[in-house]
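Just below is one structure, and these are the notes that go with it.
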Amino acid sequence: MTEGDKDLLIKDLCGRLRYGVKIYTWYGETVTSDLNTFQEAYEEIDIEQLAGIKPYLRPMSSMTEDEANELSGKIIHSNINSRGFVWVEDCSDYVDWLNAHHFDYRGLIPMGLALEAPEGLYE
């Protein structure tokens, strides 16, 4: 794991910790982590050990129609510009919703930095 991968994983986890993300550890166990427990553990973790911590996330393709409708309600205003980019007026609500529902919007699963959550893990 590179320093860039480590930074990306920590950045992603920081947004998810308040939602009780489940993490696979280098000990082969799944734990539910919140900000306090992760912060305590992180102080003792070196870069090699961090490679063994992987959050369980849901691929974007697993979003249900009901979830898609709920998410669309979070987008107050969007506009597709000439380059195909979507601008969201209140991005923080959108990202918080994705974090709360444990979606992999950063593409960590294909990068090997997260594991695909088994169906029903976050119910």
Side-chain angles (χ1 to χ4, degrees):
M1 174 179 284
T2 67
E3 281 293 329
D5 289 347
K6 178 182 175 184
D7 290 344
L8 180 61
L9 182 58
I10 294 301
K11 181 190 304 184
D12 189 75
L13 281 172
C14 286
R16 297 178 188 281
L17 290 173
R18 66 188 236 192
Y19 301 109
V21 64
K22 295 189 186 306
I23 296 174
Y24 175 85
T25 70
W26 58 90
Y27 296 115
E29 62 184 322
T30 301
V31 297
T32 299
S33 189
D34 59 22
L35 184 59
N36 292 332
T37 56
F38 188 78
Q39 186 175 18
E40 290 170 12
Y42 179 67
E43 292 172 0
E44 305 296 323
I45 296 172
D46 62 27
I47 193 167
E48 288 79 24
Q49 289 175 316
L50 188 60
I53 294 177
K54 296 183 180 190
Y56 283 100
L57 302 178
R58 297 174 59 200
M60 294 296 289
S61 62
S62 71
M63 187 179 296
T64 65
E65 187 174 332
D66 287 342
E67 288 171 326
N69 290 335
E70 184 180 341
L71 179 59
S72 68
K74 298 290 179 191
I75 301 175
I76 298 169
H77 173 74
S78 65
N79 180 31
I80 300 176
N81 69 14
S82 61
R83 294 184 183 172
F85 292 105
V86 176
W87 298 98
V88 178
E89 195 171 276
D90 191 358
C91 188
S92 63
D93 284 345
Y94 184 81
V95 171
D96 283 344
W97 188 93
L98 291 169
N99 281 333
H101 291 83
H102 309 286
F103 281 105
D104 180 22
Y105 59 91
R106 285 193 169 107
L108 299 179
I109 295 170
M111 292 174 61
L113 299 175
L115 300 172
E116 186 171 331
E119 190 171 328
L121 182 66
Y122 286 111
E123 290 180 356

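Counting begins at 1 with the first residue of the sequence.
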* In the single-linkage hydrophobic clustering (I, L, V, M, F, W, Y; side-chain heavy atoms under 4.5 Å), do L121 and L17 co-cluster? -> yes
* Asked: Would a distance-only check, ignoring hydrogens and angles, find a side-chain to backbone donor-acceptor pair under 3.5 Å from Y56 to Y122?
  -> no
* Structure fact -> Closest non-hydrogen contact found for R16 with H102 is NH1-CA, 3.6 Å
* Structure fact -> Nearest heavy-atom contact between M63 and L98 is CE-CD2, 4.2 Å
* Structure fact -> Value for CD (E67) from OG (S62), rounded to nearest 0.5 Å, stands at 7.0 Å
* Could I get the full list of side chain to side chain contact (heavy atoms under 4.5 Å, CB included) partners for S61, not counting sequence neighbours? => P59
Considering only distance and modelled atom types, tabulate donor-acceptor pairs under 3.5 Å from the side chains of residues 103-118, sequence neighbours left out.
unit_1: D104; atom_1: OD1; unit_2: G107; atom_2: N; d: 3.0
unit_1: D104; atom_1: OD1; unit_2: L108; atom_2: N; d: 2.7
unit_1: D104; atom_1: OD2; unit_2: L108; atom_2: N; d: 3.0
unit_1: D104; atom_1: OD2; unit_2: I109; atom_2: N; d: 2.8
unit_1: Y105; atom_1: OH; unit_2: N99; atom_2: OD1; d: 3.2
unit_1: R106; atom_1: NH1; unit_2: D12; atom_2: OD1; d: 2.7

* Asked: What residues form a side chain to side chain donor-acceptor pair (under 3.5 Å) with Y24, not counting sequence neighbours?
  -> none
